J.: 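The structure follows.
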Amino acid sequence: MMKLKNRSNQQGFTLIELLVVIAIIGLLTSIVSASLSTARAKARDAKRQAEVHSIEKALSLYSIDHRGYLPNSQFHTWDDAKLPSGQLDCLGAVKTNNDTLFGILVSQKYLASAPSPDPLAGQGYCYVYITDAGQSVGQGAEGNMVAGAVFDLEGQSYVGEPIYLAATEVTKSPNAVFAFPRETQKTFSGYTSVEGISVGTTPPVSLNNNYTTGVIDDTNALGPTGY
């Protein structure tokens, strides 16, 4: 008759075996974490890309309604939007500039709502709105907004020289870029790929991937940065 072995006589794992198991578990954990991190980054990039296309439609409609002009930006080069470290100033000047743009587009019904803040804004990932230097446009150029009429000697009303409702001049820009640095893709030069849309005929700054024109360029758009 077969006798059962006493559990006390069974050998357990050796120290080397335990270390091997722990190493394998650690390796699998690292692989899974890296995969999840990459998946999250791709999801964030996909969200950014979709929002950029929404902004493209809003800016295009605004341009049509405003004789080809766009809201002016305080940034005219990439360097204008960067901190001394080279990283985009996402929590400071860039946020203020974006809030102004979104406020205009939302208040005038070109955009349903402003995009939510980027979760990695502290690491330099955010939307950047850049225009050319723009030009001063008098209110009269928007159309003959007559504030009053002139009467002749017989009491007949007629419109003489137009009297504009506002005499101030507004700076507007015909060309703009709305872009973001992509998390999951680098250029061949090794820098973060800067992608987005352009409105107008001449983009004020270069993009590595221009969704509007379809042009892909490997130039170092952002310049040396901390990310």
Side-chain angles (χ1 to χ4, degrees), residues 34-35 37-63 70-102 105 111 114-134 173-227:
S35 298
S37 177
T38 300
R40 292 191 186 100
K42 287 182 177 179
R44 285 191 293 267
D45 276 341
K47 181 175 181 290
R48 293 171 183 132
Q49 188 173 7
E51 289 179 335
V52 163
H53 283 300
S54 295
I55 299 297
E56 180 178 27
K57 294 176 183 177
L59 288 175
S60 296
L61 291 173
Y62 183 99
S63 175
L70 300 162
N72 194 43
S73 171
Q74 71 179 82
F75 305 132
H76 306 309
T77 68
W78 285 116
D79 286 340
D80 293 341
K82 293 194 294 187
L83 294 165
S85 65
Q87 181 172 293
L88 292 174
D89 188 14
C90 294
L91 299 178
V94 173
K95 180 181 183 302
T96 301
N97 194 59
N98 286 345
D99 287 345
T100 299
L101 172 65
F102 298 149
L105 297 179
L111 192 66
S116 57
D118 197 291
L120 297 185
Q123 300 178 34
Y125 291 94
C126 56
Y127 300 124
V128 182
Y129 179 60
I130 297 178
T131 65
D132 51 22
S173 306
N175 303 296
V177 159
F178 188 84
F180 66 96
R182 190 179 183 92
E183 277 188 77
T184 55
Q185 183 173 336
K186 306 289 183 180
T187 68
F188 295 117
S189 302
Y191 294 93
T192 297
S193 178
V194 185
E195 307 185 2
I197 57 95
S198 60
V199 181
T201 57
T202 308
V205 293
S206 61
L207 295 174
N208 295 120
N209 188 354
N210 189 324
Y211 303 152
T212 304
T213 63
V215 174
I216 297 177
D217 193 356
D218 188 42
T219 58
N220 179 10
L222 276 180
T225 64
Y227 58 95

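Please read all numbers here as calculations on a predicted model, not as lab measurements.
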J.: Do side-chain atoms of Asn97 reach the backbone of Gln74 as a donor and acceptor pair under 3.5 angstrom?
T.: yes
J.: For the aromatic rings, using the six-membered ring if either is Trp, is the centroid distance between Tyr125 and Phe180 under 6.0 Å?
T.: no
J.: In Å and rounded to the nearest 0.5 Å, what is the CZ to CD distance from Arg48 to Glu183?
T.: 4.5 Å
J.: How close do Ala121 and Cys90 get, heavy atom to heavy atom, and via which atoms?
T.: O-CB, 3.3 Å
J.: Show your reasoning for whether side chain to side chain contact (heavy atoms under 4.5 Å, CB included) applies to Thr213 and Ser198.
T.: CA-CA 8 Å; Thr213 63; Ser198 60; 4.0 Å; yes
J.: Can a donor-acceptor pair be found, under 3.5 Å and without considering hydrogens, that links the side chain of Ser189 to the backbone of Asp218?
T.: yes
J.: Got Tyr129 and Leu59 here, is their nearest side-chain heavy-atom distance under 4.5 Å?
T.: yes
J.: Report the distance from atom CG of Leu88 to atom CG of Leu83, rounding to the nearest 0.5 Å.
T.: 8.0 Å
J.: How long is the straight-line distance from CG of Leu101 back to OG of Ser73, given to the nearest 0.5 Å?
T.: 8.0 Å
J.: How would you list, by chain and number, every residue that makes a side-chain contact (heavy atoms from CB on, under 4.5 Å) with Thr100, sequence neighbours excluded?
T.: Ile104
J.: For Ala114 and Phe102, which heavy atoms make the closest approach, and how far apart are they?
T.: CB-CB, 3.7 Å
J.: Pairing donors with acceptors under 3.5 angstrom, does anything connect the side chains of Gln87 and Ser85?
T.: no
J.: Determine whether a donor-acceptor pair (N or O, by modelled atom type, separation under 3.5 Å) exists between the side chain of Asn175 and the backbone of Thr201.
T.: yes
J.: Quick test of your reading of the model: are Lys42 and Asp45 salt-bridged, counting only N-O distances below 4.0 Å?
T.: no
J.: What distance do Glu51 atom CD and Asp118 atom CG have between them, rounded to the nearest 0.5 Å?
T.: 8.5 Å
J.: In Å, rounded to the nearest 0.5 Å, how long is the span from CG of Leu111 to CD1 of Ile55?
T.: 4.5 Å
J.: With a 3.5 Å distance limit and no angle check, can you tell me whether Lys82 reaches the backbone of Leu222 through a side-chain donor-acceptor pair?
T.: yes
J.: Might you point out which heavy atoms bring Lys47 and Ser116 nearest each other, and give the distance in Å?
T.: NZ-OG, 3.2 Å
J.: Arg182 and Val194: side chain to side chain contact (heavy atoms under 4.5 Å, CB included), yes or no, with the steps?
T.: CA-CA 6 Å; Arg182 190 179 183 92; Val194 185; over 6 Å; no
J.: So which atom in Thr187 and which in Ser193 form the shortest heavy-atom distance, rounded to 0.1 Å?
T.: CG2-CA, 3.8 Å
J.: Let me confirm one number: the CD1-CG distance from Ile216 to Asn208, rounded to the nearest 0.5 Å.
T.: 9.5 Å
J.: Do Arg40 and Pro119 come close enough that some side-chain heavy atom pair is under 4.5 Å?
T.: no
J.: Would you sort out whether Leu207 and Val177 count as a side chain to side chain contact (heavy atoms under 4.5 Å, CB included), showing the intermediate values?
T.: CA-CA 9 Å; Leu207 295 174; Val177 159; 3.7 Å; yes
J.: So which heavy atom on Pro181 is nearest to which on Gly124, and how close?
T.: CG-O, 3.6 Å
J.: With a 3.5 Å cut-off and no angle check, do the side chains of Thr96 and Asp99 form a donor-acceptor pair?
T.: no
J.: Does the side chain of Val199 come within less than 4.5 Å of Phe178's, by heavy atoms?
T.: no
J.: Taking only residues at least two apart or on different chains, which pairs with a member in residues 189-222 satisfy ring pair (Phe, Tyr, Trp, His ring centres under 6.0 Å)?
T.: His53-Tyr211
J.: So with a 6.0 Å cut-off around NZ of Lys57, is the heavy-atom count from everything else above 12?
T.: no
J.: Does any N or O in the side chain of Asn98 come within less than 3.5 Å of the main-chain N or O of Tyr127, such that one atom is a donor and the other an acceptor?
T.: yes
J.: So which heavy atom on Pro204 is nearest to which on Ile130, and how close?
T.: CG-O, 3.6 Å
J.: Less than 4.5 Å apart, any side-chain heavy atom of Val128 and any of Val205?
T.: no
J.: With side chain to side chain contact (heavy atoms under 4.5 Å, CB included) as the criterion, how do Lys186 and Thr192 come out once you've worked through the C-alpha distance, each side chain's angles and the decisive distance to 0.1 Å?
T.: CA-CA 5 Å; Lys186 306 289 183 180; Thr192 297; 3.3 Å; yes
